[in-house]
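First comes the structure, then the notes that go with it.
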There are 2 protein chains.
Amino acid sequence: MADAFQPGNTAENTDPRVLRSRHMLMESLLRLLTRKEFADISIQEITDEATLNRATFYLHYPDKNALLQAMTAARFRDLIARRGLSFTDCDGALRAIALGVCDYLAETAGCPGQLAKMPLEGSIIPVVEGMFQEGAAKHTMVPGTDPKLLATTAAWAIFGAARRWYQTPDRIPAEEMAAKIEAMVKPIFLTASM
Amino acid sequence: MADAFQPGNTAENTDPRVLRSRHMLMESLLRLLTRKEFADISIQEITDEATLNRATFYLHYPDKNALLQAMTAARFRDLIARRGLSFTDCDGALRAIALGVCDYLAETAGCPGQLAKMPLEGSIIPVVEGMFQEGAAKHTMVPGTDPKLLATTAAWAIFGAARRWYQTPDRIPAEEMAAKIEAMVKPIFLTASM
DNA sequence: ATGTGTAAGCGACACTTGTCGATTTATTTG
DNA sequence: CAAATAAATCGACAAGTGTCGCTTACACAT
């Protein structure tokens, strides 16, 4: 079964060999992305750059997309962590998350040129979703409200808005965009929290 | 250049041959999807089922994903058109769109089993986006508001919510879900329209 | 109807993909 | 330290991908 595959399985795999392999694959892909488009990169190239065997790749990820998603999720998580997002001050959190998404798109995906067509939604959105669910634990909701649905909806809204911003030729500053996103997305939560 | 490729180019291509080929490719894929997962379908199979040559496929779509997206967009557009979405009554429009997305996911993507991992966002979201932009033309916005950004954000929010609903094991009725989505997404517009 | 343009068909090509069994190398456990 | 466990390597495989140049067949305008 393909579902038995769990590349993002961070827990219970401390074997230094697998950590090293996955890290090198991500680094390799990141380096290659500065020179070529994602679609033009073969798994052979990735493993060559990583000085690993091609078969080793398939020991960790089912395909190229899975590696991209794992890499993106890791890097985005890292960017958020570096900023020390404190979930206690809930007011700034939404804007900070929006800014994080904008910054990530601008700084990483922007490397080679315009590769906005990469399947990043599968990596960034779940992370944002998780952050909202963390934050939702601190709130009491009105009875009929599903916090997870709220988190999903907000995460997709933020990513969609940030993605449009990133694809725009003459972008406004990320901070400005984050403020706009906050203004749009905040009301989603207001209908539920009390 | 890959960007020169325009498979969704509905305008100015009335040659009955290309219309026929594209239609047969979509029909073929749709039939195959009732029997196999998307990932397990090869382009050879699609063209065989469509009684077309494999090379002809590449005359119309750069890859399998592009055909899926074109097919999905066409079918979703069709479903919306059959329901006669009147954009004049703006109140019901949002709920009707949400219901349309839910219904489409449930009825089409649900054919074989659970193929929720298909890249449908690239096909449904743009259509929803376009519908919102149509509707936005009838409204006056507050000065600093970008209608396109609003449309994008709402479209992503709706799709994300509907997607979560579709992936849920024991789903509530689509109508109920559409009402929930409407409640969440409506406030996005309220901050801008006046 | 006739000619020009363009789609569709055909076969072939170099290359990539995903998988396999068998072997070597590294890590952890006793 | 040695044995057991599991990852990494290697070579090879069938199958699929995307692209060519060439030929045939169809569509539209004159």
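Every chain is numbered from 1, with letters handed out A, B, ... down the list of sequences. Side-chain atoms are counted along with the backbone in the values below, which use heavy atoms only and exclude waters and symmetry mates.
Using a 4.5 Å heavy-atom cutoff, the side chains of A:Arg164 and A:Met177 are not in contact.
Spacing between atom CG of A:Leu25 and atom P of D:dA7 amounts to 15 Å, rounded to whole angstrom units. One can place CG of A:Asp48 at 13 Å from C1' of C:dT16, the figure rounded to the nearest angstrom. One interatomic measurement links the two molecules: CD of A:Gln44 to C1' of D:dG16, which rounds to 17 Å at whole-angstrom precision. When rounded to the nearest whole Å, the span between OH of A:Tyr61 and P of C:dT17 equals 16 Å. In this entry the distance linking CG of B:Asp40 with P of C:dT17 reads 17 Å, nearest Å. Between A:Leu52 atom CG and D:dA7 atom P there is a gap of 14 Å when expressed in whole angstrom units. If you measure from atom CD of A:Glu45 to atom P of C:dC15, you get 12 Å, rounded to the nearest angstrom. Going from atom CZ of A:Phe57 over to atom P of C:dT19 covers 11 Å, rounded to whole Å.
In plain terms, the two heavy atoms of B:Pro187 and B:Glu182 that are nearest each other are CD-O, 4.4 Å. Annotation for B:Ile158 and B:Ile97: closest pair CD1-CG2, 4.4 Å, computed over non-hydrogen atoms. Summarising the geometry of A:Met71 relative to A:Leu33, their closest heavy-atom pair is CE-CD1, 4.0 Å, with the distance given to 0.1 Å.
In this model, the phosphate group of D:dA8 is not approached by any side-chain N or O of A:Asn53 to a distance below 4.0 Å at OP1 or OP2. Phosphate contact (OP1/OP2 of D:dA7, side-chain N/O of A:His60, threshold under 4.0 Å): absent. Considering only side-chain N and O atoms, A:Thr56 lies nowhere under 4.0 angstrom from the phosphate OP1 or OP2 of D:dA7. For the pair B:Tyr58 and D:dG18, the criterion of a side-chain N or O lying under 4.0 Å from OP1 or OP2 is met.
You'll find that the side chain of B:Leu59 is closest to C:dA8, out of C:dA8, C:dT27, C:dG18. Of the candidates C:dG18, D:dG16, C:dG11, C:dG11 carries the atom nearest the B:Ala55 side chain, counting heavy atoms from C-beta on. For B:Asp63, counting side-chain heavy atoms from C-beta on, the closest listed nucleotide (D:dG18, C:dG11, D:dA8) is D:dG18. Here the nucleotide nearest the side chain of A:Pro16, chosen from D:dT9, C:dT17, C:dT28, is C:dT28.
For A:Arg54 against C:dG18, a side-chain N or O and a base N or O form a donor-acceptor pair under 3.5 Å. In the interface, the side chain of A:Arg17 is not paired with the base of D:dA8 through any donor and acceptor atom under 3.5 Å apart.
A:Asp15 comes within 4.0 angstrom of the backbone, heavy atoms only, and of no base. Nucleic acid contact class of B:Thr51 (heavy atoms, under 4.0 Å, all strands): sugar-phosphate only.
Within 6.0 Å of CZ in A:Arg31 there are more than 12 heavy atoms belonging to other residues, nucleotides or ligands.
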